[in-house]
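Each remark here refers to the structure printed beneath this line.
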Amino acid sequence: MSPTAHDDLLRTLAPQVVGLLTRRWGDFDAAEDAVQEALIAAFAQWPEQGVPDNPRGWLIQVASRRMTEQVRGEQARRRREDRVVREDDRRTAPPADAEDPAARDDTLTLLFLCCHPALTRASAVALTLRSVGGLTTGEIARAFLVPETTMGQRISRAKQRITSSGLPFALPEPAERAARLTEVLDVLYLVFNEGYATGAGPELQRVELAREAIRLARELHRLLPEDSEVAGLLALMLLTDARSAARTGPDGELVPLAEQDRGRWDAARIAEGIALVTAALPRGPVGPYQVQAAIAAVHDEAPSAEETDWPQILALYGVLGRLSAGPLVALNRTVALAMVHGPDAGLEALDALAEDPRLAGGHRLAAVRAHLLERAGQREAAAVQYRTAAARTASLPERHYLALRAARLTGGG
């Protein structure tokens, strides 16, 4: 089995084992730590020794042993002494071929737990990647460009908050589930976006994060196959990620959508994404992820940038604005408006967004204004806006691209 296959198997099994131990021992914090140690052991041993006949049972055995060692420790005894006395017969490690008696898969429960509204988005993202994704604290810290100790503290605080809340390890009641599922989808999309379009640093993309978000979205779709928004999110990720290889040039420079070599797009992912959103939309109810996936599908189906069906995209952004109003949706709709009715119409709409404090000071508003001014033939004004956008972005590839656009407009590149 290849290293990638090892990784995929372990990432899939991790939440199942965390869930099983949490139900069995009643301690999410300790169970998550124990499974992390088991995963580290598996990453070290399986490539050399081979995958066990029952990999899930192997992880359960190793993680349970870690749990037992913690219970026997002085600090664990103080915290669990009464419980250990009452339930000592349940504290033994299962054999290597052990399976949960009910063969339950707790991935969905764990996702809901990690994405609880009581947590900040940053904490929910980190905890989801560690507990559900099976990434180590070091891997998550490197992905988000923070020290490992900082990320460790963030994850630790998140786990403590969940433990102190007294939340049962169970799926939320149906009345609460819809709102909580929205939080889960938003967290997974945040992970994907940080991988696909990294917000800061020298890299345009962090492939491992985008890949992990897609894997988790696939798992969620497997668990909730009839939920149209889950299908919509997976479709959106696939249709967007399909362009990943064409987004950078030979030297890692950013290549905008209109200039990408569409022959490098992943046709299989596009076909899968289109099939998902096509099946999801008629089922309803229609949600923002399905509409975003439909927009992505229109882009991906166009043979060239010039043949893009911008009127359809503009109409879809109108629908999206009614479902999920926000500054970025309005900004993207402005681009579509300009592509249909001309740059002057776009600039006029952009003026109405300029006072939105959520856009003020960011680079996106200036970048869109620069693009529209360039299309309107106002080269000097466009160069000023490109330089403004370049100064405001924390992404080095974006900064280089925007600065180069400004230089070309003023004869400097």
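If you're wondering where the values come from, they're calculated on a predicted model, not measured in any experiment.
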For His400 and Glu253, what are the C-alpha separation, side-chain angles and deciding distance, and is it a side-chain hydrogen bond (donor to acceptor under 3.5 Å, both in side chains)? CA-CA 8 Å; His400 293 157; Glu253 69 275 16; over 6 Å; no
Does Arg180 come within less than 4.0 Å of Glu183, counting only side-chain N to carboxylate O? no
Residues Gln16 and Arg56: side-chain donor-acceptor under 3.5 angstrom: yes
Short N-O contact, Arg379 and Glu374, less than 4.0 angstrom: no
Do Trp310 and His299 have ring centres separated by under 6.0 Å? yes
Can the ring centres of Phe169 and Phe28 be said to be less than 6.0 Å apart? no
Side chain to side chain donor-acceptor pair (under 3.5 Å) with Glu226: which residues, sequence neighbours excluded? none
Please test Asp344 against Arg375 for salt bridge (Lys or Arg N to Asp or Glu O under 4.0 Å), starting from the C-alpha separation and ending with a verdict. CA-CA 9 Å; Asp344 289 339; Arg375 290 193 66 232; over 6 Å; no
Quick one: do Asp27 and Lys159 make a salt bridge, cutoff under 4.0 Å? no
Could you tell me if Glu307 and Ser304 have a donor-acceptor pair between their side chains, going purely by distance under 3.5 Å? yes
Any chance you could lay out the salt bridge (Lys or Arg N to Asp or Glu O under 4.0 Å) test for Asp241 and Arg211, step after step, and finish with the verdict? CA-CA 9 Å; Asp241 192 64; Arg211 180 169 171 258; over 6 Å; no
Under a 4.0 Å threshold between the charged nitrogen and the carboxylate oxygen, would Glu272 count as salt-bridged to Arg269? no
Heavy atoms from other residues, nucleotides or ligands near CZ of Arg364 exceed 12 (cutoff 6.0 Å): no
Does a salt bridge link Arg177 with Asp227, judged by any charged N lying under 4.0 Å from a carboxylate O? no
Asp266 meets the salt bridge (charged side-chain N to carboxylate O under 4.0 Å, His left out) criterion, sequence neighbours left out, with none
Decide if atom CZ of Arg161 counts as having more than 12 heavy atoms of other residues, nucleotides or ligands within a radius under 6.0 Å. no
Distance-only donor-acceptor check, side chains Ser123 and Arg157, under 3.5 Å: no
With sequence neighbours excluded, tell me which residues meet side chain to side chain donor-acceptor pair (under 3.5 Å) with Arg358. Asp356
More than 12 foreign heavy atoms under 6.0 Å from CG of Asp53: is that the case here? no
Residues Glu259 and Arg405 bridged, charged N to O under 4.0 Å: yes
Could you tell me if Ser228 and Gln290 have a donor-acceptor pair between their side chains, going purely by distance under 3.5 Å? yes
Does the Lys NZ or Arg CZ of Arg247 fall within the cation-pi geometry relative to Tyr196 - under 6.0 Å from the ring centre and within 45° of the axis? yes
Note, Asp33 side chain near Arg130 side chain (heavy atom, < 4.5 Å): yes
If you define the side chain from C-beta out and look only at heavy atoms, does anything of Met237 sit under 4.5 Å from Leu188? yes
